[in-house]
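A short write-up of the structure that comes next.
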Amino acid sequence: SVEIDLAYIDTTQLARKNSVNPNTVFANNEMSLHDIEIYGFDYDYTLAFYSRHLHTLIFNIARDILIQEHRYPEGLREYEYIPNFVVRGLHYDVQKALLMKIDAFHYIQLGTVYRGLHPVPDKEVIAMYDGCHVPLENMSDFYGKSSHGHTMKQFMDIFSLPEMNLLCCVNDYFMKHNIDYEPVHLYKDVKAAIGDVHVKGIMYRAVEADMENYISYGEQTHAVLNKLYEDGKKMFLITNSPFDFVDRGMIYIVGKDWRDLFDIVIVQADKPGFFNDRRKPFRRVTDKGVLHWDRIHKLEKGKIYKQGNLYEFLRLTGWRGSKVLYFGDHIYSDLADLTLKHGWRTGAIIPELRKEIKIMNTEQYVHLMTWLQGLTGLIEHMQVHRDPASQAVVQEWIKEREAMRSQTKDIFNSQFGSLFRTYHNPTYFSRRLSRFADIYMASLSCLLNYDFQHTFFPRRTPLQHESPFWPEQTRHVDCNLKAIH
């Protein structure tokens, strides 16, 4: 018989010792701020943060557009935005109308597949996909879009949370009322309705009319920009939002003189097209939104520019390579091209980090993870014993492990779990984050904890075939082994 005793592990002390500061800047790649001369920024969810009221607003307006303009049933008005239902980075199977979480190896996480507002049984998922693996040709391409028609769509934008909510709610209504519908049409209509909220300026006007309700002030954006300005750093803004919206938001967040901090301001940039399409020239815009027809020979401080493209930006500024650091919240639209094609350094703003780190710092989570790691070690070492008694114990451990894995998922989000992990694997989102962002953080305010000589070092975590050389990692291995008597 095998007895297990993990009483010697003080999880309270472990939680306190291993707690992570949510205001840390995390590194995927070694980077020194000493080398950075120019700082660039996106606007939405980078310089400006929004309250949950904005997601509710987008959901409600898009829902009403579906009813009024796309002739969807009036009964959809009974649905409201569900704040904690979805997480970023999920995939949506357009043909099957299923929302799900997929890991870095293209495997669906069972228990996270939803049709409408209800989970799909594991057996049904396995039958539909002939297992849990999603082939590469069905996955989203480089920018989260399907390369083979409408197959899988990945939602990487924080603004996509209302869209996922609306897709689930409309699917739920149709199923509840036994309405035969074409999932592809539904996806396109919801996408169009959400797009109209932005394109038609409905969202912009609502935010401008009630800044206090929609903009979350307090991310210390002003302090970060002032710190960079006083240190003599060049700064620029490239955003897809229109100037009037950005101007009013920045006046609210930073002050009337916000433009004095920036060397170049580019609005309605049409990212990610801005980084790839060489055809669109820059166009100058006045404060009142009047477009100039003159050719742009240089990008001047104090003036506002629209559209354009990165190749022209590089030609006019000479700001190339690793001396430039650009911050954005969208892994694909903001960061991918810059790091892969142009050699800029990139910083991802991930607001969800704060909540997830606070959860990981709790004694409950540390206790669960310590026991889960120990249990996995027990199974790994005991599985070689083929006698019936040992195998019976191993099978009990396997059941307990599965239950604990679900429990750890539910701590973050009862439907889809953590933004960063699919059980033990990184999520598809997490893998893209590590590939396209040199550094990442919860908000720009995290930069206030560092001076401009600081070098960010990624942790040298051992590869699977490497031996752990650090004391804390060795202790964790010992804990797993000591649990076997």
Side-chain angles (χ1 to χ4, degrees), residues 82 84-157 160-161 163-172 174-175 183-184 186-187 190-191 331-332 352 356 372 376 379 398-399 401-435 464:
I82 310 168
N84 295 309
F85 184 68
V86 296
V87 298
R88 245 202 310 173
L90 300 178
H91 279 80
Y92 183 75
D93 189 322
V94 176
Q95 302 283 353
K96 297 181 175 68
L98 298 176
L99 189 66
M100 67 192 74
K101 190 159 105 175
I102 296 178
D103 73 10
F105 300 96
H106 296 193
Y107 282 90
I108 299 166
Q109 181 177 357
L110 293 176
T112 70
V113 180
Y114 275 72
R115 182 184 286 114
L117 299 174
H118 302 282
V120 180
D122 293 349
K123 286 184 179 179
E124 191 177 334
V125 174
I126 292 168
M128 280 191 289
Y129 291 94
D130 195 23
C132 296
H133 187 261
V134 180
L136 178 63
E137 60 266 22
N138 294 344
M139 292 291 286
S140 54
D141 68 4
F142 192 75
Y143 293 108
K145 299 175 183 176
S146 171
S147 54
H148 286 70
H150 292 288
T151 311
M152 285 280 189
K153 155 73 179 175
Q154 189 183 16
F155 293 101
M156 295 290 272
D157 193 353
S160 66
L161 297 179
E163 184 175 355
M164 285 187 276
N165 257 271
L166 189 56
L167 276 168
C168 290
C169 288
V170 180
N171 274 311
D172 185 74
F174 284 163
M175 289 186 297
V184 175
L186 168 59
Y187 168 72
V190 170
K191 182 180 178 182
I331 309 302
Y332 296 142
E352 299 95 333
E356 295 224 358
L372 187 57
T376 303
I379 295 168
I398 289 172
K399 288 179 184 177
R401 180 174 181 262
E402 286 303 310
M404 292 187 69
R405 275 153 52 107
S406 294
Q407 199 176 345
T408 54
K409 173 185 82 75
D410 293 346
I411 289 177
F412 294 98
N413 176 283
S414 56
Q415 289 77 234
F416 300 100
S418 167
L419 173 65
F420 302 97
R421 279 210 179 271
T422 301
Y423 292 141
H424 53 279
N425 285 339
T427 56
Y428 199 88
F429 175 92
S430 202
R431 179 62 59 89
R432 290 296 182 270
L433 174 66
S434 64
R435 180 65 186 90
Q464 296 298 313

Mind running side chain to side chain contact (heavy atoms under 4.5 Å, CB included) on Cys132 and Leu110 for me, showing each step along the way?
CA-CA 8 Å; Cys132 296; Leu110 293 176; 3.8 Å; yes
Say you draw a straight line from OG of Ser406 to CD of Gln109; how long is it, rounded to the nearest 0.5 Å?
8.0 Å
Going by the rule side chain to side chain donor-acceptor pair (under 3.5 Å), which residues pair with Tyr92 if we only count those two or more places apart in sequence or in a different chain?
Asn171
Sequence-distant partners of Phe174, ring pair (Phe, Tyr, Trp, His ring centres under 6.0 Å), two or more places apart
Tyr72, Tyr181
Phe155 backbone acceptor or donor facing Glu163 side chain under 3.5 Å
no
I'd like to check the side chain to side chain donor-acceptor pair (under 3.5 Å) partners of Tyr423; sequence neighbours left out, ordered by chain and number.
none
Could you check whether any side-chain heavy atom of Thr427 comes within less than 4.5 Å of a side-chain heavy atom of Ser430, counting everything from C-beta outward?
yes
Only distances under 3.5 Å count here; give the side-chain donor-acceptor pairs of residues 116-123 to other protein atoms, sequence neighbours excluded, each with its distance to 0.1 Å.
| residue | atom | partner | partner atom | Å |
| --- | --- | --- | --- | --- |
| His118 | NE2 | Asp172 | OD1 | 3.4 |
| Asp122 | OD1 | Gly111 | N | 3.3 |

The residue among Asn413, Asn165, Leu167 that forms side chain to side chain contact (heavy atoms under 4.5 Å, CB included) with Val86 is Asn165
Distance alone, cut at 3.5 Å: any donor-acceptor contact between the side chains of Tyr332 and Asp157?
no
Are side-chain heavy atoms of Arg88 and Glu352 found at a separation under 4.5 Å?
yes
To the nearest 0.5 Å, how far apart are OG1 in Thr112 and CG in Leu90?
7.5 Å
Just to verify, what does Asp130 make a side chain to side chain contact (heavy atoms under 4.5 Å, CB included) with, not counting sequence neighbours?
none
In sequence, state the C-alpha distance, the side-chain angles, and the governing distance for Phe412 and Leu419, and then conclude on side chain to side chain contact (heavy atoms under 4.5 Å, CB included).
CA-CA 8 Å; Phe412 294 98; Leu419 173 65; over 6 Å; no
List for me each residue that meets salt bridge (Lys or Arg N to Asp or Glu O under 4.0 Å) alongside Arg431, sequence neighbours excluded, and say none if there are none.
none
For Gln407, give me all partners under side chain to side chain donor-acceptor pair (under 3.5 Å), at least two apart in sequence or on another chain.
none
Once rounded to the nearest 0.5 Å, what's the spacing between atom NE2 of His91 and atom CE of Met164?
11.0 Å
Applying salt bridge (Lys or Arg N to Asp or Glu O under 4.0 Å), which residue pairs with at least one partner in residues 402-415 are found, sequence neighbours left out?
Glu402-Arg405
Can you tell me how far the NZ atom of Lys191 sits from the CG atom of Leu166, to the nearest 0.5 Å?
14.5 Å
Excluding sequence neighbours, so at least two apart, what forms salt bridge (Lys or Arg N to Asp or Glu O under 4.0 Å) with Glu356?
none
Determine yes or no for a side-chain-to-main-chain donor-acceptor pair under 3.5 angstrom, with Gln154 supplying the side chain and Gly89 the backbone.
yes
Drop me the distance from Arg115's CZ to Asp93's CG, to the nearest 0.5 angstrom.
10.0 Å
Donor-acceptor pairs are to be reported for all side-chain atoms of residues 96-104 against protein atoms at under 3.5 Å, with residues two or more places apart or in another chain.
| residue | atom | partner | partner atom | Å |
| --- | --- | --- | --- | --- |
| Lys101 | NZ | Phe416 | O | 2.7 |
| Lys101 | NZ | Ser418 | O | 2.6 |
| Lys101 | NZ | Arg421 | O | 2.7 |
| Asp103 | OD1 | Phe105 | N | 2.8 |
| Asp103 | OD1 | His106 | N | 3.1 |
| Asp103 | OD1 | Tyr107 | N | 2.9 |
| Asp103 | OD2 | Asn425 | ND2 | 3.1 |

Partner set under side chain to side chain contact (heavy atoms under 4.5 Å, CB included) for Ile398, not counting sequence neighbours
Ile379, Val394, Gln395
Phe85 versus Gln415, closest heavy-atom pair with distance
O-NE2, 3.0 Å
For Thr376, give me all partners under side chain to side chain donor-acceptor pair (under 3.5 Å), at least two apart in sequence or on another chain.
Arg401
Checking Thr151 against Val94 for the side chain to side chain contact (heavy atoms under 4.5 Å, CB included) test, could you report, in this order, the C-alpha distance in whole Å, the side-chain angles of both residues, the deciding distance, and whether it holds?
CA-CA 5 Å; Thr151 311; Val94 176; over 6 Å; no
